[in-house]
Amino acid sequence: MMLLLAGVALLGYAVRGDVRPLLERWLSEESDWFAPAAFPYKRLTYLYDMGVVDADGDGRLDLYTSNHNYRQVLLLADGQGGFRDVLSEWGLDQDPRLPATEQHRDAPELDRPGLYLFWQGDVLHLVMHETQGWAPLRGRLKFYNQVEVVANEGFDLQKKSHTPPGSGIPVTEITLATRAPGHLRLYPHTRGTSIQVTLDAPWASRHFYVGARKYPVDAAAAYDWKDPGVHAEGSLGCRWCNTLELGIRDRHALAWADYDGDGRMDVFVNRGALGGNLRKFPQEVRQRIGDELLLRDRTGQFVDRARELGIEKKDCSGRHARWVDHDRDGRLDLFINCQDRGKVAGGYPKQFYRQGSDGRLSDVAAAVGLDLPKHQLVDMVWFDVDADGWIDLLTHEDTGFYVYYNRQGHFERAFQGRGPFHRADESGLTGETSDYWQFDGKLSVADFDADGDLDAFMASKKGSVLLLNEAGRFRIVSPQQVGLPRESVAAVWVDYDNDGRVDLHAVPQGMYRNTGQGRFERTNMLRELDHKYQAAIVNWFDRDNDGRLDPILALQDNATLWRWWERPFKSADVKGNDDRFDWKIASLRNIGKAGHWLQLDLVGAPGNPQAIGAHVTVTTPAGRQAAQVGAHEGAYSSQGYYRLHFGLGTQAHADVLIRWPDGLSQKIEHVVADRHLRLRHPGQ
């Protein structure tokens, strides 16, 4: 009994810091405003981004993720708050020929005889299951990197490595053979390069299953798996040889837009550059690795036309990606933030692809002043900072905040100020892209003070910053001066109660209500435990089209602060399942008694159907609010949330003034509230 009481006392002492946040949240008004909402996933592994988009153009907002080399999701909304994953149905797997072969946290169930090849975490598994009495299997696995044999049961192996001339990365070949069931576990140091798999067995084309969903290779029409009896010579001296290439793409940002103007949403996807080491690999590897410009065809499938239309990888370690019409020619251009890797020699110029009249893209970053090879962009937002009708670029860089003012298509850099913390101030952080820093320093933009221009909030674990837009320049303000938190893991602007005043949702502190007097008050709604999470991605969107914005959060544990009683149930093995890279999903529905509202989807001219860059001012007797299409993303590095939401409080009508991306102004008076409107460019 004494031991039990001592254990209870010890546990109580250990969790004492958790009690206050939980009590504050319980005592808040949260139960009047938010209720749990169903979501298909309780956790997602190795999340890179989560964002909102109307992917199928049905007026319901959908959700997407990117997950590095792990399987991502594309969740179509049903309008009632539910979602259905259509990633494979739409052909958006990282390898559409072999759906669901990306990395996965869990191993598949081995429920039929045959050969299984799958990722579990960072380990590649090859399993011969219930194949007693079958013909022997021989094979070869070719990797364009170093490979460790983690465990081997039942395979005869020979491993050879060599480094091609002019390359700093070895090529590893593993020759294997077995007559019985076996299990081979391999750890490639890099997962983003292709793996060539050659098998020699008469049964391999009919009993070979790949990935977490056990996709049968004989169903992959893209592969010419030969029938038994066909002789094929090769380095194995094959009789039944067949070869496939297994590849995953390390996807990062997704930038959605109807690029070709056919009424269907397309998407640009950038990827990493193998830890910045892509330039060290041989040409045969580099030519296989590129970003994707996926255009959706009439069948509903996506076709990659990136290289055909002029996009080149150029060793770019891709991070943020944004569509923008920077020169007001009516056609979307594409900006890609290539991040400095620090430990890898050489610069990483940003890429800015200008779209020509033929739809082709050419990189004009250097010509317009945005190649920035010596500047590390932590985050960025495109919007018209100085209200001159030309869209500018606000950046949070490792040395401070800058605006690149758009002077009729060419950009001039202007320093705006510094916050309490910048990465360049701490030795060793320049070029650091570990998860702890990757999600720190995000900008969120809104007209929180209702003066007609857009302000910004930068959330950081080392000190957040409020940037007040004053006649086209930003004044740096400590958030504490207006009642906002000094530091946060993440923060986004949102009018959760539709009172016409933009509030701030911060992680872990929760919701801060805008009082309308230039200050905020803490509500403790949506409060999280202090220091529990090292990263968060927060999106607010109207999941059920009822006029109230609903939150969905992705939260990543700070593994260095796992409690002693948590650690026995956690894994931190880089060569297997690793709980450090799990993200908890918190999905909620807004049920509060909110004010009137107005939602707008703008339909632009053919070259910019989403009207990206359009500036909208909504005016009521209670005041005015400003917003810009494409500037209010909850996603960390992606783009796709183009719907504008305005809370109107007690006002049942509003006047709407639109300045379209081409400079044309349009005013619509006495718009009835509580409606979702699609407004077309006057030239449409």
remark   = Here the pair of heavy atoms bringing D58 nearest to A77 is OD2-O, 4.3 Å
ask   = Between R296 and D266, is the closest basic N to carboxylate O distance under 4.0 Å?
value = no
ask   = Any side-chain donor-acceptor pair under 3.5 Å between H252 and N270?
value = no
ask   = How about Q628 and I391: do any of their side-chain heavy atoms sit closer than 4.5 Å?
value = yes
key: Test log, rule side-chain hydrogen bond (donor to acceptor under 3.5 Å, both in side chains), inputs D49 and S66   = CA-CA 5 Å; D49 213 351; S66 63; 5.1 Å; no
message = Could you work out, with side chain to side chain contact (heavy atoms under 4.5 Å, CB included) as the rule, every residue matching T299, not counting sequence neighbours?
response = D297, Q301
task = Find out whether V324 and F352 are in side-chain contact, i.e. whether some heavy atom of one side chain is under 4.5 Å from a heavy atom of the other.
result = yes
key: salt bridge (charged side-chain N to carboxylate O under 4.0 Å, His left out) contacts in which one or both residues fall within residues 362-376, not counting sequence neighbours   = K314-D363
query = Is it the case that D379 and H320 place a side-chain donor and acceptor less than 3.5 Å from each other?
reply = yes
message = Checking E284 against Y144: is there a side-chain donor and acceptor pair closer than 3.5 Å?
response = yes
message = Quiz question: by atom type and distance under 3.5 Å, do the side chains of Y41 and D85 form a donor-acceptor pair?
response = yes
inquiry  = For W256 together with Y64, are the ring centres under 6.0 Å from each other?
reply    = yes
ask   = Do the non-hydrogen side-chain atoms of T65 and Y48 ever get within less than 4.5 Å of each other?
value = no
key: L126 side, atom CG; L186 side, atom CG - distance, nearest 0.5 Å   = 7.5 Å
query = Who are the side chain to side chain contact (heavy atoms under 4.5 Å, CB included) partners of A611, not counting sequence neighbours?
reply = L602, A614, W660
ask   = Are the side chains of V492 and E633 in touch, meaning some heavy atoms are under 4.5 Å apart?
value = no
Residues W119, T101; criterion side chain to side chain contact (heavy atoms under 4.5 Å, CB included); working and verdict = CA-CA 8 Å; W119 291 97; T101 54; over 6 Å; no
message = Quick check on side-chain contact (heavy atoms from CB on, under 4.5 Å): which of V385, V381, D384, V445 does L454 satisfy it with?
response = V445
query = Is it true that R264 and D258 have a side-chain N and a carboxylate O under 4.0 angstrom from each other?
reply = no
key: Partner set under side chain to side chain contact (heavy atoms under 4.5 Å, CB included) for P99, not counting sequence neighbours   = S88, D93, Y215
key: Residue pair A627 / L644: nearest heavy atoms and the distance that separates them   = CB-CD2, 4.1 Å
ask   = Does the side chain of D333 come under 3.5 Å of the side chain of H326 through a donor N or O and an acceptor N or O?
value = yes
T172 to N145 - nearest heavy-atom pair and separation = OG1-O, 2.8 Å
inquiry  = Distance check, rounded to the nearest 0.5 Å: R307 atom CZ versus K313 atom NZ?
reply    = 10.5 Å
task = Indicate yes or no: at least one non-hydrogen side-chain atom of F268 is less than 4.5 angstrom from one of L334.
result = yes
key: Minimum heavy-atom distance between Y404 and E397, given as atom pair plus value   = OH-OE2, 2.7 Å
message = What verdict does the side chain to side chain contact (heavy atoms under 4.5 Å, CB included) test give for W583 and T45, after you've listed the backbone C-alpha separation in whole Å, the side-chain angles of each residue and the deciding distance to 0.1 Å?
response = CA-CA 6 Å; W583 291 68; T45 302; over 6 Å; no
Closest approach of S167 to P282 (non-hydrogen atoms, all atoms of both residues) = OG-CD, 3.3 Å
task = Assess the pair Y70 and Y46: is the distance between their ring centroids shorter than 6.0 Å?
result = yes
message = Nearest 0.5 Å, please: how far is CE in M50 from CG in L254?
response = 12.5 Å
task = Please identify each residue that fulfils side chain to side chain contact (heavy atoms under 4.5 Å, CB included) with R249, with sequence neighbours left out.
result = Q94, R251, R271, E292
request  = Could you list all the salt bridge (charged side-chain N to carboxylate O under 4.0 Å, His left out) pairs where at least one residue sits in residues 320-329, not counting sequence neighbours?
outcome  = D327-R354, D329-R331, D329-R354
message = Cation-pi check for W390 against R407: NZ or CZ below 6.0 Å from the six-membered ring centre and within 45 degrees of the axis, yes or no?
response = no
ask   = Between atom CG of L47 and atom CG of D582, what is the distance when rounded to the nearest 0.5 Å?
value = 10.5 Å
ask   = With a 4.5 Å limit on heavy-atom distance, are the side chains of Y641 and D54 in contact?
value = no
inquiry  = If you define the side chain from C-beta out and look only at heavy atoms, does anything of V171 sit under 4.5 Å from P164?
reply    = yes
request  = State whether a side-chain donor-acceptor pair under 3.5 Å links H162 with E173.
outcome  = no
query = Would you call V465 and F401 a side-chain contact if the rule is heavy atoms closer than 4.5 Å?
reply = yes
